[in-house]
K.L.:
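One structure coming up, written as structure tokens, with questions to follow.
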Amino acid sequence: MSTVIWVAVVVAAVVAIIAVGYVVLQQQRRHRLRDRFGPEYERTLQERDTRQEAEQELIAREQRVHSLDIRPLDSGTRDTYAKKWMEVQERFVDAPGFAVTEADHLVTSVMAERGYPTEDFEQRLSDLSVVHGRTLDHYRQAHEISSRAAHKEASTEELRQAMVHYRVLFEELLSAPEGAINGDHSPRHTGPRLEETANDDERTGRHDPRGR
């Protein structure tokens, strides 16, 4: 009888250890996903029925991006794109709507150069979220303004904001290292900086007509 009791105790202990281990693993996975996706974690959580479904969606995004040939830009290509961006900013003075459309195309071109599929906008968002989740909302806002600008429904100030939003992601795409895909997901600015950041604009209150 005592043997049966001891066996039951051991089994219960093993089950408890497994249960605790499972909870710990779940918490570690949740922490990792929050850290990697940033605000995109909460957005996905709101869009799905359960936390498990949301986390499975994010894991699927990681697996998809890992299967892609995402590569960093060489210094020459970064310089070329940085110069193109400056040209687009210069054109903002005389043709802000056209400049915003060009900025959208330029960001898409850099994505393609890095190895991201660019056919579908929602898929672009999904793929970018794996490494650029903290700046992805800038891209959403810029794209939304660009879409309205195509129908002449965006003000000059909104167009300026779109340029600022596009620039945030553009800078990351230019400078994100190859290691960002497989672990180090904090982009480093190894390429040329594009003047000032979005925070600089808001802090100083500057409204440069060129979107800088």
Side-chain angles (χ1 to χ4, degrees), residues 25 28-45 47-48 52-88 100-144 146-147 162-194 197-198:
L25 289 176
Q28 289 177 340
R29 184 181 72 174
R30 187 163 302 155
H31 177 75
R32 182 183 66 79
L33 290 173
R34 282 182 184 275
D35 186 44
R36 172 174 282 278
F37 287 92
E40 286 301 306
Y41 178 93
E42 296 301 329
R43 175 184 284 271
T44 306
L45 188 60
E47 293 175 347
R48 297 294 181 268
Q52 182 178 8
E53 184 179 342
E55 292 181 348
Q56 287 300 320
E57 160 68 18
L58 296 176
I59 291 172
R61 292 186 195 182
E62 287 182 317
Q63 293 172 344
R64 170 182 160 80
V65 170
H66 287 163
S67 70
L68 300 175
D69 182 23
I70 308 300
R71 51 198 176 272
L73 301 178
D74 59 60
S75 60
T77 303
R78 288 199 302 269
D79 289 342
T80 298
Y81 274 113
K83 291 175 182 176
K84 288 182 178 179
W85 178 267
M86 297 303 297
E87 292 170 359
V88 170
V100 167
T101 299
E102 281 193 307
D104 181 75
H105 292 164
L106 193 55
V107 169
T108 302
S109 179
V110 174
M111 286 184 59
E113 190 85 37
R114 292 287 312 275
Y116 287 99
T118 59
E119 293 79 10
D120 179 73
F121 178 68
E122 291 302 323
Q123 187 62 60
R124 272 182 263 165
L125 291 176
S126 177
D127 292 339
L128 286 170
S129 69
V130 176
V131 178
H132 303 283
R134 288 173 175 77
T135 56
L136 198 55
D137 199 49
H138 285 282
Y139 187 38
R140 284 193 181 92
Q141 294 182 57
H143 185 79
E144 189 274 332
S146 180
S147 297
M163 291 294 291
V164 173
H165 289 312
Y166 275 129
R167 186 182 60 202
V168 174
L169 178 61
F170 184 77
E171 285 189 338
E172 281 201 358
L173 287 170
L174 250 61
S175 61
E178 185 174 13
I181 300 300
N182 294 317
D184 181 6
H185 48 274
S186 300
R188 300 186 184 91
H189 291 287
T190 57
R193 291 283 301 180
L194 302 178
T197 65

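Sequence positions, counted from 1, serve as the residue numbers for this chain.
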K.L.:
So M111 and D127, do their side chains get closer than 4.5 Å, heavy atoms only?
P.N.:
no
K.L.:
Got R167 and E171 here, is their nearest side-chain heavy-atom distance under 4.5 Å?
P.N.:
yes
K.L.:
Atom OG of S126 and atom CZ of F121: how far apart are they, to the nearest 0.5 Å?
P.N.:
11.5 Å
K.L.:
Any side-chain heavy-atom pair from R78 and S75 closer than 4.5 angstrom?
P.N.:
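The answer is yes; the side chains approach within 4.5 Å.
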K.L.:
Are any of the side-chain heavy atoms of L169 and V110 separated by less than 4.5 Å?
P.N.:
no
K.L.:
List in chain and number order the residues that pass side-chain contact (heavy atoms from CB on, under 4.5 Å) with T101, two or more places apart in sequence or in another chain; answer none if no residue qualifies.
P.N.:
H105
K.L.:
Going by the rule side-chain contact (heavy atoms from CB on, under 4.5 Å), which residues pair with E62 if we only count those two or more places apart in sequence or in a different chain?
P.N.:
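Counting only residues at least two positions away or on another chain, E62 forms a side-chain contact (heavy atoms from CB on, under 4.5 Å) with R32, L33, R36, F37, I59, H66, V130.
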K.L.:
Identify the two heavy atoms, one from T118 and one from A112, that lie closest to each other, and give their separation to 0.1 Å.
P.N.:
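Looks like CG2-N, 3.8 Å.
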K.L.:
Could you tell me which residues satisfy salt bridge (Lys or Arg N to Asp or Glu O under 4.0 Å) with D69, sequence neighbours excluded, listed by chain and number?
P.N.:
R71
K.L.:
Measure the shortest side-chain to side-chain distance between Y166 and V100 over non-hydrogen atoms and say whether it is less than 4.5 angstrom.
P.N.:
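Yes, close enough: below the 4.5 Å cut-off.
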K.L.:
Can you check whether E40 reaches L125 side chain to side chain, under 4.5 Å on heavy atoms?
P.N.:
no
K.L.:
Taking side-chain contact (heavy atoms from CB on, under 4.5 Å) as the definition, give me every residue that meets it alongside T77, ordered by chain and number, with sequence neighbours left out.
P.N.:
L73, D74, Y81, E113
K.L.:
Between atom CG of L45 and atom CD of E53, what is the distance when rounded to the nearest 0.5 Å?
P.N.:
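Output value for this atom pair is 10.5 Å.
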K.L.:
What are the two closest non-hydrogen atoms of R114 and P72, and how far apart are they?
P.N.:
NE-CA, 3.7 Å
K.L.:
Name all residues meeting the salt bridge (Lys or Arg N to Asp or Glu O under 4.0 Å) criterion together with D104; count only those two or more places apart in sequence or in a different chain, and write none if there are none.
P.N.:
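D104 satisfies salt bridge (Lys or Arg N to Asp or Glu O under 4.0 Å) with no residue once adjacent residues are dropped.
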K.L.:
So which atom in L68 and which in P117 form the shortest heavy-atom distance, rounded to 0.1 Å?
P.N.:
CD1-CD, 3.6 Å
K.L.:
What is the distance from atom CZ of R124 to atom OH of Y139, rounded to the nearest 0.5 Å?
P.N.:
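Here the rounded value is 4.0 Å.
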K.L.:
Could you tell me which residues satisfy side-chain contact (heavy atoms from CB on, under 4.5 Å) with D137, sequence neighbours excluded, listed by chain and number?
P.N.:
R43, R140, Q141
K.L.:
Would you call K83-E87 a salt bridge at under 4.0 Å N-O?
P.N.:
no
K.L.:
If we only count heavy atoms from C-beta on, is the L174 to W85 side-chain gap below 4.5 Å?
P.N.:
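In short, these two side chains do not touch, never coming nearer than 4.5 Å.
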K.L.:
Would you check if H143 and V107 make a side-chain contact, meaning some heavy-atom pair closer than 4.5 Å?
P.N.:
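The answer is no; the side chains never approach within 4.5 Å.
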K.L.:
Taking all atoms of both residues into account, what is the closest heavy-atom pair of A142 and A162, and its distance?
P.N.:
CB-O, 3.7 Å
K.L.:
Looking at A54 and R48, what are the two nearest heavy atoms and their distance?
P.N.:
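Answer, listing the atom of A54 first, then R48: CA-CG, 3.8 Å.
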K.L.:
Evaluate the side chain to side chain donor-acceptor pair (under 3.5 Å) criterion for residues E172 and T135: first the C-alpha distance (whole Å), next the side-chain angles of each, then the deciding distance (0.1 Å), finally the verdict.
P.N.:
CA-CA 9 Å; E172 281 201 358; T135 56; 3.1 Å; yes
